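Labels below follow one simple rule: chain letters A, B, ... track the order of the sequence lines, proteins then strands, and each chain is numbered from 1. Everything numeric in this text was worked out from a predicted model, so none of it was measured. These numbers come from the heavy atoms of this one structure, side chains and all, not from hydrogens, waters or symmetry mates.
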Amino acid sequence: MNVVIIDTGSANLGSVRHALTRLGVVADTTCDSSKIAAADRVILPGVGHARTAMAELERAGLIGLIGSLTQPVLGICLGLQLLYESSSEGDVDCLGVIPGRVEPLNAGEGLRLPHMGWNQLEWRNNNDPLARGLGPEAWFYFVHSFAAPVEHAVATCCHGDEFAAIVRYRNFAACQFHPEKSAAVGARLMANFLLESRQQEPLTCS
Amino acid sequence: MVAVRIIPCLDVRDGRVVKGVKFRDHRDMGDIVELAERYRDEGADELVFYDITASPQRRSVDVEWIERVAAAIDIPFCVAGGIRDVVTARAVLSAGADKISINSPALERPALIAELAEACGSQCVVVGIDSISEQGRYRVRQYTGDPDNMVDPRTDTERWVVEVQRLGAGEIVLNCMDADGTRSGYDVAQLGAMRRLCQVPLIASGGAGEPAHFLEVFETADVDGALAASVFHSGHIPIPGLKRWLADQGVVTRIDSTISETETAAGVG
């Protein structure tokens, strides 16, 4: 299977690559648009600042390409946030694949920011391919201060506000947590993504 | 709800894990990757690797072992010791660490915290603070990795806790030196006092000896995580039992759900 990790210049690229290696997949980390377009699976990772990451994608000439991909794409952490129309982190326009805007997490009284640590999900769609083998008892590792709205969420999480933990839109899926750092359950989620059938692609993306 | 974090701290010297008492008399505890894997399997929520020689000797941290750890384990880990510029921080993060922790270099030059937060994001910038009780006040200590080079930076811990957050620290690890190595419990009075000044996650360090000490620090000082070394390395407190017991006491704790081997995606490639 030909899996590519989009080189967003962010620091967690190596961790994502290692996680895939542990699943038996050697992934190419690249910003070469022809390699990305030809891949069976595309992963959009990211940590850090939305504005910096968008500038990096702009510089690499990938902004139009990512939205036009038709194979299964998985965004991770900031990669999820970049799929939305805009982010209030740096007040920046993002890739515009998923409707909505990323806003600061409102943790409320007694909760710390960043939302850093292991948390559980509330599944809204247990039938999503990413949900296979993962119940409500599974713990995932989060590190973030901004979050996406719940409209297109397959699973949500709460840290004060409820926010999108896993989203799915057309052939795009994304998770706010770090599956590459979420021990066995994270590995299972990444394996679910790799095993996802291309037939999941809806008919709308012709 | 976000779970409390149980964090084994592995002191690293010359590529091996070591442990001393009150920062002295270091004993060899084993290979870094073997211990990291053991703790991951036991349910540690995160690991901290502290290069105890890098800071006092003004050496930069060696990234070779960081890459080995990152390839092997799938839980977050933080690297501390010897990081004093953005270039080194980026190298450590690129090697696979999730967070970097700075202590003495932040006291040397507080602007470093802001530079790292700007370059790498606050979420991966941890500030470690070594604090000692002195004439009724909490005071910061510097270069504690080497008792002969330890420095008193003449700073109140409260002031420093506020300042590092203003500069962009995403997490604080407070090591209470009076308790460290004693196994008589975390310094909950000091941790509770700092908790009230802390909007970012606060991790307790120093003094763990019994499971009850973990319960006490989570319930009394409301910390987000508790770090310990010797009680985990020696096997005195097995992590699976500790976490189950904490969960039974009502502490929100990550108990790893089991995924059967046949269900994992062997042969994905």
Assert top hit (heavy-atom pairs under 4.5 Å, partner chain A, pool B/C120, B/G170, B/G121, B/S122) equals B/G170

Heavy-atom cut-off 4.5 Å, strictly under: side chain, backbone, both or neither for [X] against chain A?
X      : result
B/Q199 : backbone
B/R254 : both
B/I73  : backbone
B/A72  : backbone
B/D222 : both

Sub-3.5 Å donor-acceptor pair from the side chain of [X] to the main-chain atoms of [Y], do we have one?
X      : Y      : result
A/Q71  : A/I36  : yes
B/H233 : B/A228 : no
A/R112 : A/G110 : yes
B/K243 : B/G43  : yes
B/D187 : B/G206 : no
B/D45  : B/I6   : yes

Report which part of [X] has an atom under 4.5 Å of a heavy atom belonging to chain B: side chain, backbone, both, or neither.
X      : result
A/S182 : backbone
A/A183 : both
A/H49  : neither
A/H115 : side chain

Pair count under 4.5 Å, heavy atoms only, with chain B: among A/R22, A/H178, A/M190, highest is A/R22

Checking ring pair (Phe, Tyr, Trp, His ring centres under 6.0 Å) between A/W118 and each of A/F142, A/Y141, A/F177, which is the one that passes?
A/Y141

Ring pair (Phe, Tyr, Trp, His ring centres under 6.0 Å) for B/F49 and B/Y39? Distances and angles first, verdict last.
CA-CA 12 Å; B/F49 296 94; B/Y39 286 126; 9.3 Å; no

